[in-house]
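Numbering of residues begins at 1 and proceeds along the displayed sequence. Every number for a ligand or one of its atoms is a count from 1 in the order of the listing.
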Amino acid sequence: MSYREKYRPQVLDDVVGNTETIERLKVIAKDGNCPHIIISGMPGIGKTTSIHCLAHQLLGDAYKEGVLELNASDERGIDVVRNKIKSFAQKKVTLPPGRHKIIILDEADSMTPGAQQALRRTMEIFSNTTRFALACNMSNKIIEPIQSRCAILRYAKLRDAEVLKRLLEICEMEKVEHNDDGLAALIFTSEGDMRQAINNLQSTHSGFGFVSAEHVFKVCDQPHPIVVQAMIRACMKGNIDGAMEKLNELWNQGYSAVDIVVTIFRVVKTFDEMPEYTKLEYIKEIGWTHMRILEGVGTVIQLGGLMARLCKMNLKPELFRI
Ligand SMILES: Nc1ncnc2c1ncn2[C@@H]1O[C@H](COP(=O)(O)OP(=O)(O)O)[C@@H](O)[C@H]1O
Ligand SMILES: [Mg+2]
């Protein structure tokens, strides 16, 4: 069984991060006064999990009968919304007093506007017996009339410390051997996405036995930020040979131009050896290179050009006089 499924929180108390928002859900779970809700936010931060926890806490043993779940992989066109939801909403179910049936629509932003219009009418008609819980990445892809009927809860990306806490718990329970750099690498590569962090932990563990930074970056197939840091340090000294050497090292390992430029960006963004002004100038140049690569020029020459510009910024103008 995947760690991700095994360690999926069963109650709201176990969902990490987004404390204030989850407190609101806990209050709803406790007094049962559940509005229609939309939870929005990036992937892998606990949206679907929270909705399941909420529904379980509200309905208890009646969960099975009282919940209809429709995923993006299911057919969710207009007819399905009309028929499936309608017949569920009309079904008689015995629930704890004061509770409502719950319809979960995961990844609701992938529904067509037409299906959303049908959904909106169904919400109006059955709102005395049924509550809707929607999860989505972008709440602005949900049509306005649905948004205005829902309490909108926005989940932020998880903080490093929050991901770390969960990873440590899982390492402990699964007896995963690791070092601190290994966990830091999992956090760096997953960018606040807990699902990815947990999956990568498991892949590294089963692939290598030991969770070290080197193993994690192999599993994730991302350029090692240590190499990129060395590259940036060389640029800051105006040392083009040093920078090109590191660039070629990554290029020869087979990373694409996009992989490399994205890692450069992420390293520079959090590089504390660099004055703020230089950081801004660097990010601007990295942005231009990223754009050219996305336009189709993903060559090592473009990346070399970036190295040259980053080096030049740190050279004194006097040195350019002939
Ligand atoms: N906030 C969180 N706290 C604990 N585990 C989490 C959290 N977010 C995600 N996970 C883990 O990642 C998996 C996927 O989470 P999920 O709720 O499906 O994310 P989302 O719906 O936001 O994409 C869960 O099974 C769980 O193991
Ligand atoms: Mg989800």
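- Which parts of ligand 1 touch Gly46 is read off a 4.0 Å heavy-atom cut-off, strictly below it: atoms 7 (C), 8 (N), 9 (C), 17 (O), 19 (O), 20 (P), 22 (O).
- The shortest N/O to N/O separation between Ile45 and ligand 1 falls below 3.5 Å.
- With salt bridges taken as basic N to acidic carboxylate O contacts below 4.0 Å, one links Arg166 and Glu169.
- Using a 4.0 Å cut-off to heavy atoms of Thr49, the atoms of ligand 1 that qualify are 15 (O), 16 (P), 17 (O), 24 (C).
- At least one N, O or S atom of Thr48, from either the backbone or the side chain, sits less than 2.8 Å from the Mg ion (ligand 2).
- For atom 9 (C) of ligand 1, the candidate residues are Pro9, Ala135, Gly44; the nearest heavy-atom contact is made by Gly44.
- Atom 25 (O) of ligand 1 has its closest protein heavy atom at Arg4 O, 3.0 Å.
- Summarising the geometry of Tyr155 relative to Ser50, their closest heavy-atom pair is OH-OG, 2.8 Å, with the distance given to 0.1 Å.
- Screening residues 230-245 for side chain to side chain donor-acceptor pair (under 3.5 Å), with sequence neighbours left out, gives Arg233-Glu273.
- Atoms of ligand 1 lying under 4.0 Å from at least one heavy atom of Pro43, given by number and element, are 23 (O).
- Interface atoms of ligand 1 facing Val15, defined by a heavy-atom separation under 4.0 Å, are 1 (N), 2 (C), 3 (N).
- The distance criterion of under 3.5 Å between nitrogen or oxygen atoms is not met by Ser50 with respect to ligand 1.
- Among all protein heavy atoms, the one lying closest to atom 21 (O) of ligand 1 is Thr48 OG1, 2.6 Å.
- Both tests do not hold together for Lys279 against Phe271: distance to the six-membered ring centre under 6.0 Å, angle to the ring axis within 45°.
- Ligand 1 has an N or O atom lying under 3.5 Å from an N or O atom of Arg195, backbone or side chain.
- At a cut-off of 3.5 Å, with distance as the only test, a side-chain donor of Thr289 or Arg309 sits close to an acceptor on the other residue.
- Residues Ile260 and Ile293 have side chains not in contact (no heavy-atom distance under 4.5 Å, counting atoms from C-beta outward).
- The side-chain heavy atoms of Met307 and Ile264, taken from C-beta on, include a pair separated by under 4.5 Å.
- Put simply, the side chain of Val15 does not reach to within 4.5 Å of the side chain of Leu25, judged on heavy atoms.
- Among all protein heavy atoms, the one lying closest to atom 6 (C) of ligand 1 is Met194 CG, 3.5 Å.
- With ligand atoms numbered from 1 in the order given, ligand 1 contributes 27 (O) to contacts under 4.0 Å with heavy atoms of Tyr7.
- Nearest to atom 1 (N) of ligand 1 among the protein's heavy atoms is Val16 O, 2.8 Å.
- At a threshold of 4.5 Å between non-hydrogen side-chain atoms, the residues Thr48 and Ile39 do not count as touching.
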